[in-house]
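Below: the structure, in structure tokens.
The sequence lines fix the lettering, A, B, ..., with proteins before strands; numbering per chain opens at 1. Owing to the predicted nature of the structure, the values given are computational and were not obtained by experimental measurement.
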Amino acid sequence: MSQSQTMTEAIKIRVENLFFSYRNRLILKDVNVNFAENAITALTGPSGVGKSTFLMTLNRLWENVSDADMSGAVEIKLQGRFRDVYAPAMPVTELRKMVAMVFQAPNPLPMSIHKNIAFPLKLAGERNRKLIEHKVEHALRMANLWDEVKDRLNDDARSLSGGQQQRLCIARALTLEPEVLLLDEPTSSLDQASMAAIEELLVGLKDRLTILLVSHYLEQVSRISDHIVTFDDSTVVS
Amino acid sequence: MKPRTLEIFSIVFAWIAGLILVSAVLVLLGYLFIKGYTSLNLSLIFGDTPPLRALLFRTRVFDGLFPAIAGTLVLVILSIVLAIPIGISTGIYLAEYAGSRIKRALDAFFDVLSGIPSIVIGLFGFSFAVFLHKQYSNRIGPCLLISSIALSLLVLPYIIRTTQAALEGIPSNIRMTALALGATRLQNVFLVLIPRSLSGIMSGIILAIGRCAEDTAVIMLTGAVASAGVPRSVFAQFEALPFYIYYISSQYSDPEELMRGYGASIILLLLCALLFAVAYGIRKGLSHFVFYRP
């Protein structure tokens with residue numbers, strides 16, 4: 001533990017004076033918080049205090065929600081230096097390739113397993129088939145899913161079990177080798193075994209990237225997280 | 001009334017309403033068939049001309065429906081081809097890009113457009129043809145192209161509305177999937193949202209096909225005539241099945257001619273069924289192509 005503590009000293013994400021409102025209702029007020037690099041930080045707190053919204057301010061996904069507004073500063077250390085994610089010089093598509101997100105409910109696209117994993121590469125304009133094959137396999141291995149699906153890559157992704165679908169979504173988020181992975185209650189719709197598989201997978205990933213995990217399960221939080229950030233009354237309390 | 005009685009009452013009412021509707025359709029189809037089946041034969045379509053020669057456009061058919069069938073088919077395809085790109089793009093714009101104020105204004109505009117009676121659209125097409133005739137060339141007049149433009153205007157609101165509704169109905173978790181993976185808005189629209197909405201968009205197109213095939217008011221003012229032969233170009237006048245049905249039922253000289261009107265109605269229905277089948281086929285093929293292409 002002490003070793004992981006020293007490893008996780010470096011700061012990856014700095015958030016200052018963050019306010020967020022939706023339809024003129026304040027969801028987040030004056031959030032100031034830092035997140036450590038190469039660690040799993042759990043975001044906990046009662047429902048409806050803006051934890052999921054907070055994740056969306058880090059990859060700017062909220063900008064696709066109408067009637068939402070935000071102020072404050074978010075800086076993430078990307079490619080070795082801190083960058084203001086809201087700066088005009090930061091293209092939002094590039095940001096989201098480096099700050100990936102996994103949602104509460106598994107959301108595979110209605111296509112084959114292979115095409116789901118290769119989808120971010122397609123978005124990025126990658127044409128090299130060999131490279132795509134390699135990256136798809138790599139992502140599926142990172143998500144501990146390769147052995148289960150390697151013989152059925154052309155099956156519809158929706159034919160997988162719920163837990164497998166969620167690991168597929170994690171693999172898909174990992175395809176472009178992001179530096180930060182945001183997860184919004186990724187296990188809340190899954191059974192115990194699937195939950196354990198995902199927890200194990202996340203612990204294995206933290207050497208490569210920084211993980212922020214919104215979770216309601218206190219046991220899950222204490223099992224896998226290195227740091228805990230608690231939200232209450234629209235802001236961070238600890 | 002007790003809740004239980006109310007429930008039974010609603011169920012019975014719903015069943016009766018459904019039965020009335022289904023039987024109305026069946027009675028209509030049965031009536032058409034009984035009246036028209038005696039005239040249904042090859043000579044109804046090709047008259048005295050040998051069918052093969054007519055199909056290869058070697059010999060003009062004077063005494064059959066072949067030119068009207070060809071005219072309607074070309075008219076529908078041309079109108080839909082004109083309406084699809086404009087309608088779908090407008091629907092995408094309204095659902096994905098328009099700000100709330102522009103959207104409200106355009107919504108009202110398209111509601112008005114969809115409420116315009118077809119005879120007024122026909123009149124517009126006619127005036128348009130007269131304008132072109134006077135301003136540019138006296139060779140331009142009511143013709144297949146003018147009819148298609150007017151018809152596409154008539155069916156645009158269907159395509160716009162169904163495209164918009166299909167896109168807006170996509171749940172936000174699917175909407176966010178590709179965006180969270182670094183997709184641009186345009187990539188999201190074309191790679192995820194449109195493929196997801198194909199069946200909704202297609203139902204609008206099918207509605208539009210039906211409307212184009214049956215509308216008489218527009219085409220009788222913009223270029224449909226009783227005798228023109230198979231359309232030679234988009235600048236020529238043409239024959240069409242609904243116009244033929246209208247013409248024959250108002251001007252028939254003997255019962256046999258009226259029978260041919262019923263026969264033409266059956267053929268029009270079959271033609272619509274064929275076009276619907278093609279549209280369904282395209283829909284299936286398209287979504288498979290978009291999502292499962294290796």
Side-chain angles (χ1 to χ4, degrees), chain A residues 52 55-56 58-67 91-126 129 132 153-158 169 171-176 178 181-184 189, chain B residues 91-107 164-203 282-294:
Chain A
S52 307
L55 287 190
M56 291 208 284
L58 303 182
N59 68 352
R60 291 173 57 181
L61 202 60
W62 68 272
E63 291 175 357
N64 296 286
V65 179
S66 48
D67 301 321
V92 69
T93 51
E94 293 308 307
L95 172 71
R96 290 177 190 154
K97 284 166 190 164
M98 293 183 280
V99 182
M101 185 163 189
V102 173
F103 296 87
Q104 185 169 2
N107 57 351
L109 291 164
M111 44 177 95
S112 69
I113 294 168
H114 183 276
K115 286 194 75 179
N116 259 285
I117 306 296
F119 191 70
L121 296 165
K122 184 180 175 183
L123 294 176
E126 183 57 62
R129 280 189 167 244
I132 292 176
L153 289 174
N154 290 320
D155 286 9
D156 193 317
R158 292 167 299 178
C169 293
R172 190 174 59 188
L174 294 173
T175 310
L176 294 175
L181 182 62
L182 311 171
L183 301 116
D184 186 2
S189 63
Chain B
I92 294 173
Y93 173 75
L94 282 177
E96 300 299 322
Y97 292 96
S100 62
R101 209 180 293 168
I102 295 177
K103 196 165 159 173
R104 234 176 295 142
L106 286 178
D107 272 347
Q164 185 188 357
L167 287 171
E168 284 175 349
I170 294 177
S172 72
N173 60 339
I174 291 168
R175 188 169 285 281
M176 297 289 187
T177 303
L179 291 174
L181 294 167
T184 63
R185 280 172 85 181
L186 200 64
Q187 283 179 322
N188 196 29
V189 167
F190 282 103
L191 296 177
V192 179
L193 303 183
I194 293 281
R196 278 277 310 198
S197 327
L198 273 181
S199 74
I201 295 172
M202 223 53 200
S203 69
I282 290 176
R283 182 183 89 184
K284 276 215 145 157
L286 258 188
S287 58
H288 190 84
F289 178 76
V290 170
F291 276 138
Y292 296 105
R293 187 177 26 145

Least distance between heavy atoms, [X] atom then [Y] atom:
| X | Y | result |
| --- | --- | --- |
| B/L179 | A/R96 | O-CD, 3.0 Å |
| B/A178 | A/L123 | O-CD1, 3.9 Å |
| B/A180 | A/M101 | CB-CB, 4.3 Å |

How far does [atom1] of [X] sit from [atom2] of [Y], to the nearest 0.5 angstrom?
| X | Y | atom1 | atom2 | answer |
| --- | --- | --- | --- | --- |
| B/L191 | A/L109 | CG | CG | 9.5 Å |
| B/T177 | A/R172 | OG1 | CZ | 5.5 Å |
| B/M176 | A/L61 | CE | CG | 4.5 Å |

Per-residue contacts, residues 166-174 of chain B versus chain A, heavy atoms under 4.5 Å: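 Residues B/N173 are the ones that qualify, each having a heavy atom under 4.5 Å from chain A.
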B/Q187 and A/T93: CA distance, side-chain angles, deciding distance, side-chain contact (heavy atoms from CB on, under 4.5 Å) verdict: CA-CA 11 Å; B/Q187 283 179 322; A/T93 51; 5.7 Å; no
Part of A/R60 within contact of chain B (heavy atom distance under 4.5 Å):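 Looking at A/R60, nothing touches chain B.
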Under 4.5 Å from a heavy atom of chain B, the part of A/L182 involved: neither
Top contributor to chain B contacts, counting heavy-atom pairs under 4.5 Å, from A/M56, A/K97, A/M98: A/K97
